[in-house]
Trainee: 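Take a look at this one; I'll ask things after.
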Amino acid sequence: MLETVKYLMGTAGPSGYSSKSTAEEVTDLADLRLITAIITGATSGIGAETARVLAKRGARLVVPARSLKGAEEFKARILAEFPDSEIIVMGLDLSKLDSVRRFVADFEALNLPLNLLINNAGKFSYDHGVSEDGIEMTFATNYLGHFLLTKLLLKKMIETAKTSGVQGRIVNVSSSIHSWFSGDMINYLALITKNKSEYDGTRAYALSKLANVLHTKELARRLREMEGNVTANCVHPGIVRTRLTRDREGLITDLVFFLASKLLKTIPQAAATSCYVATNPRLENVNGKYLSDCNEASTSKLGSSSAEAARLWAASEIMVSTQTHN
């Protein structure tokens, strides 16, 4: 109850920021003119505001997108507001592992540094689907594509940190909904991949968001072992109406969001934690944490399990190396 009151009142936490802080406010002193950032899901919603604010602070943006037309329209909007921005649009479908590999190869061919990776893209679907690699679609898009993307870009990030002297940062966007999942992750993924009748959109989404949390935990551990001067942290942006709900619009959805309106964030507020973790000096050497409202928060019991994080990582390595094309 106390946390809910603090949230509604916008009471600042130890960072000095709160649920009411905006992305512009938390980056007010940031100078990102030497930073190159990749942001997935940057053409709409929270990702678009995150990208807009980073561009305002001077970052070079690489925008991967499934729809190049939408990405070019986004680029035009940013350039209209900030004419000196450098924005590179590239094709990427996170649900397809081959597309992830092609994106990384194309990015490496540009011979650019990489300081910042924000794994923001997310999909919620009421309808069951399976990726071309034989993985349930929500998990494939929200987690597995990001897992492979991060894995393939890690060498570039470590090299950039070494040559620039600037610590690299990986930000995984999860959700408090990760706590809604309990049970055996790997078995449930196999079940919903094979059996449409067992699929539940909300539980599948919670599974993918839990996977984001556990990915962060194990990635941070591995980064510490590697001493690569790159950190990985995870964020809950808050509840906000974005295009994430585009699969189901109508009276019921509108009513639910109206009733919950007092708990909803604006998009600038929802983008604040990602921008804070990506840019704030307070986060120097902070690794493997879960943050909400720009302050450290607690994950679910399952989300804090080092053993489960290692188990998921091992399973993910197998999934990305043994693709099953339908």
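Throughout, numbering of the chain's residues begins at 1 and tracks the sequence. Scope of the values below: all heavy atoms of this structure, side chains included, with no hydrogens, waters or symmetry mates.
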Trainee: Let me confirm one number: the CD-CG distance from Glu108 to Leu152, rounded to the nearest 0.5 Å.
Mentor: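 Answer for the CD-CG pair, Glu108 versus Leu152, is 8.0 Å.
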
Trainee: Counting N and O atoms only, with roles assigned by atom type, does the side chain of Asn195 sit under 3.5 Å from a partner on the main chain of Glu198, one being a donor and the other an acceptor?
Mentor: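 Not a single qualifying donor-acceptor pair exists.
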
Trainee: If hydrophobic clusters are built from ILVMFWY residues whose side chains come within less than 4.5 Å, do Leu114 and Leu92 share one?
Mentor: yes

Trainee: Determine, using the 4.5 Å side-chain heavy-atom cutoff (strictly less than), whether Leu32 and Val53 are members of one ILVMFWY cluster.
Mentor: no

Trainee: Under 4.5 Å between any side-chain heavy atoms of Leu312 and Phe147, yes or no?
Mentor: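 A side-chain contact is absent here, since even the closest heavy-atom pair is not under 4.5 Å.
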
Trainee: Other than Val89, which residues form its hydrophobic cluster under the rule that side-chain heavy atoms must be closer than 4.5 Å?
Mentor: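 For the cluster that includes Val89, the remaining residues are Leu68.
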
Trainee: Please find the pair of heavy atoms, one from Ile170 and one from Thr150, that lie closest to each other, and give the distance.
Mentor: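 Of all heavy-atom pairs spanning Ile170 and Thr150, the closest is CD1-CG2, 3.9 Å.
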
Trainee: With a 6.0 Å cut-off (strictly less than), is the heavy-atom count around NZ of Lys156, excluding the residue itself, greater than 12?
Mentor: yes

Trainee: May I ask you to decide if the ring planes of Phe124 and Tyr126 are parallel, tilted or perpendicular, using 30° and 60° as cut-offs?
Mentor: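 Taking Tyr126 first and then Phe124, their aromatic rings stand perpendicular (interplane angle over 60°).
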
Trainee: Would you mind reporting whether Leu116 and Leu54 have side-chain heavy atoms less than 4.5 Å apart?
Mentor: yes

Trainee: Might you point out which heavy atoms bring Ala51 and Ala42 nearest each other, and give the distance in Å?
Mentor: CB-CB, 4.0 Å

Trainee: For residues 19-55, pull every pair meeting ring-ring contact (aromatic ring centres under 6.0 Å, His included), keeping only residues two or more places apart or in separate chains.
Mentor: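 Non-adjacent pairs meeting ring-ring contact (aromatic ring centres under 6.0 Å, His included): zero.
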
Trainee: At what distance, to the nearest 0.5 angstrom, does CD of Glu25 lie from CD of Gln269?
Mentor: 8.5 Å

Trainee: Got Arg203 and Phe181 here, is their nearest side-chain heavy-atom distance under 4.5 Å?
Mentor: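 A side-chain contact under 4.5 Å exists here.
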
Trainee: Test your reading of the model: is there a side-chain donor-acceptor pair from Thr27 to the backbone of Ala30, 3.5 Å cut-off?
Mentor: no

Trainee: With sequence neighbours excluded, tell me which residues meet salt bridge (charged side-chain N to carboxylate O under 4.0 Å, His left out) with Lys69.
Mentor: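 Expected list: Glu73.
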
Trainee: Could you name each residue pair satisfying ring-ring contact (aromatic ring centres under 6.0 Å, His included) that touches residues 54-73, not counting sequence neighbours?
Mentor: none

Trainee: Please, which pairs that meet side-chain hydrogen bond (donor to acceptor under 3.5 Å, both in side chains) have at least one residue in residues 304-314, sequence neighbours excluded?
Mentor: Asp184-Arg311, Glu308-Arg311, Trp313-Glu317

Trainee: If you look only at pairs with a residue in residues 212-230, which of them pass as a salt bridge (Lys or Arg N to Asp or Glu O under 4.0 Å), with sequence neighbours excluded?
Mentor: Glu218-Arg221, Glu218-Arg222, Arg221-Glu225

Trainee: I would like to know whether Phe103 and Leu94 meet side-chain contact (heavy atoms from CB on, under 4.5 Å); could you show each step before the answer?
Mentor: CA-CA 10 Å; Phe103 168 82; Leu94 281 163; over 6 Å; no

Trainee: Look up atom OG1 in Thr299 and atom NZ in Lys289, then write down how far apart they are to the nearest 0.5 Å.
Mentor: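 NZ of Lys289 is found 10.5 Å from OG1 of Thr299.
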
Trainee: Less than 4.5 Å apart, any side-chain heavy atom of Leu34 and any of Val166?
Mentor: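 No, their side chains stay 4.5 Å or more apart.
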
Trainee: With sequence neighbours left out, write down each residue that passes salt bridge (charged side-chain N to carboxylate O under 4.0 Å, His left out) with Arg33, or none if nothing qualifies.
Mentor: Asp31

Trainee: Which pair of non-hydrogen atoms, one from Thr216 and one from Ala232, has the smallest distance, and what is that distance?
Mentor: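 Here Thr216 and Ala232 meet closest at CG2-O, 3.6 Å.
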
Trainee: Give me each pair satisfying salt bridge (Lys or Arg N to Asp or Glu O under 4.0 Å) with a member in residues 185-195, each pair once, sequence neighbours excluded.
Mentor: none

Trainee: With the side chain counted from C-beta on, respond yes when Leu219 and Leu154 share a heavy-atom pair under 4.5 Å apart, and no when they do not.
Mentor: yes

Trainee: Could you walk me through whether Arg101 and Leu148 pass the side-chain contact (heavy atoms from CB on, under 4.5 Å) check?
Mentor: CA-CA 8 Å; Arg101 292 187 174 94; Leu148 180 59; 4.0 Å; yes

Trainee: Please name the pair of heavy atoms, one in Met137 and one in Ser131, separated by the smallest distance, quoted to 0.1 Å.
Mentor: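 Reported closest heavy-atom pair: CE-CA, 3.7 Å.
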
Trainee: Tell me if a side-chain donor or acceptor on Thr193 pairs with a main-chain N or O of Glu136 at a distance below 3.5 Å.
Mentor: yes

Trainee: To the nearest 0.5 Å, tell me how far Ser174 OG sits from Leu210 CG.
Mentor: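 Ser174 atom OG to Leu210 atom CG measures 7.5 Å (nearest 0.5 Å).
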
Trainee: Applying side-chain contact (heavy atoms from CB on, under 4.5 Å), run through Leu214 and Met185 and close with a yes or a no.
Mentor: CA-CA 11 Å; Leu214 291 170; Met185 297 177 66; 3.4 Å; yes

Trainee: When you measure from the side chain of Asn120 to the backbone of Val173, do you find a donor-acceptor pair of N or O atoms at a distance under 3.5 Å?
Mentor: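 Not at all, since once roles are kept as given, no pair shorter than 3.5 Å links the two residues.
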
Trainee: Is it true that a side-chain atom of Ser274 and a backbone atom of Ala271 form a donor plus acceptor pair closer than 3.5 Å?
Mentor: no

Trainee: Using modelled atom types only, decide if a donor and an acceptor are shared between the side chain of Asn287 and the backbone of Ala220 within a distance under 3.5 Å.
Mentor: yes

Trainee: With a 3.5 Å cut-off and no angle check, do the side chains of Ser125 and Asp127 form a donor-acceptor pair?
Mentor: no

Trainee: Run the side-chain contact (heavy atoms from CB on, under 4.5 Å) test on Val63 and Ile39 for me, step by step, so that the C-alpha distance in whole Å, both residues' side-chain angles and the decisive distance to 0.1 Å come before the verdict.
Mentor: CA-CA 6 Å; Val63 178; Ile39 309 173; over 6 Å; no

Trainee: Are Thr11 and Ser18 packed together at the side-chain level, in the sense that at least one heavy-atom pair is separated by less than 4.5 angstrom?
Mentor: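 In short, these two side chains do not touch, never coming nearer than 4.5 Å.
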
Trainee: Does Thr141 use its side chain to pair, donor to acceptor, with the backbone of Thr138 at less than 3.5 Å?
Mentor: no

Trainee: Give me the atom names and distance for the closest heavy-atom approach of Asp28 to Arg57.
Mentor: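 Here Asp28 and Arg57 meet closest at CA-NH2, 3.8 Å.
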
Trainee: Please collect all side-chain hydrogen bond (donor to acceptor under 3.5 Å, both in side chains) contacts where either partner lies in residues 275-284, sequence neighbours excluded, each pair once.
Mentor: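 side-chain hydrogen bond (donor to acceptor under 3.5 Å, both in side chains) check on residues 275-284 returns no pairs.
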
Trainee: Could you report the tightest heavy-atom contact between Ala48 and Thr43, atom names first, then the distance?
Mentor: CB-C, 3.8 Å

Trainee: Do Ile88 and Leu112 have side chains that get closer than 4.5 Å, going by heavy atoms?
Mentor: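 Yes, at least one pair of side-chain atoms sits under 4.5 Å.
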
Trainee: Sequence neighbours excluded, which residues qualify as side chain to side chain contact (heavy atoms under 4.5 Å, CB included) partners of Thr36?
Mentor: Arg60, Val62, Pro113, Asn115

Trainee: Please work out whether the ring planes of His128 and Tyr199 are parallel, tilted or perpendicular, with thresholds of 30° and 60°.
Mentor: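 Perpendicular, since the angle between the ring planes exceeds 60°.
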
Trainee: Report yes or no: does Ser300 contribute a side-chain atom to a donor-acceptor pair with the main-chain N or O of Ser179 at less than 3.5 Å?
Mentor: no

Trainee: With ILVMFWY side chains joined below 4.5 Å, transitively, what does Val213's cluster contain besides itself?
Mentor: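 Grouped by the 4.5 Å side-chain rule, Tyr290 form the rest of the cluster around Val213.
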
Trainee: Short question: side chain of Lys75, backbone of Ile87 - any donor-acceptor pair under 3.5 Å?
Mentor: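 Side chain of Lys75 to backbone of Ile87: a pair is present.
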
Trainee: Side-chain heavy atoms nearer than 4.5 Å, only ILVMFWY residues, links allowed to pass through others: does that put Leu291 and Val26 together?
Mentor: yes

Trainee: Within a strict 4.5 Å, meaning less than it, do heavy atoms of the Ile38 and Pro64 side chains meet?
Mentor: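 They are in side-chain contact.
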
Trainee: Does Lys56 have any salt bridge (charged side-chain N to carboxylate O under 4.0 Å, His left out) partners at least two apart in sequence or in another chain, and if so, which?
Mentor: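 Partners of Lys56 by the salt bridge (charged side-chain N to carboxylate O under 4.0 Å, His left out) criterion, ordered by chain and then number, come out as Glu24.
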
Trainee: Linking I/L/V/M/F/W/Y whenever any side-chain heavy atoms sit under 4.5 Å apart, do Met319 and Tyr188 land together?
Mentor: yes

Trainee: What's the separation between atom NZ in Lys123 and atom OG in Ser208, rounded to the nearest 0.5 Å?
Mentor: 11.0 Å

Trainee: Would you say Thr40's side chain and Ala121's backbone share a donor-acceptor pair under 3.5 angstrom?
Mentor: yes

Trainee: When rounded to the nearest 0.5 angstrom, what distance separates NZ in Lys96 from CD1 in Ile135?
Mentor: 15.0 Å

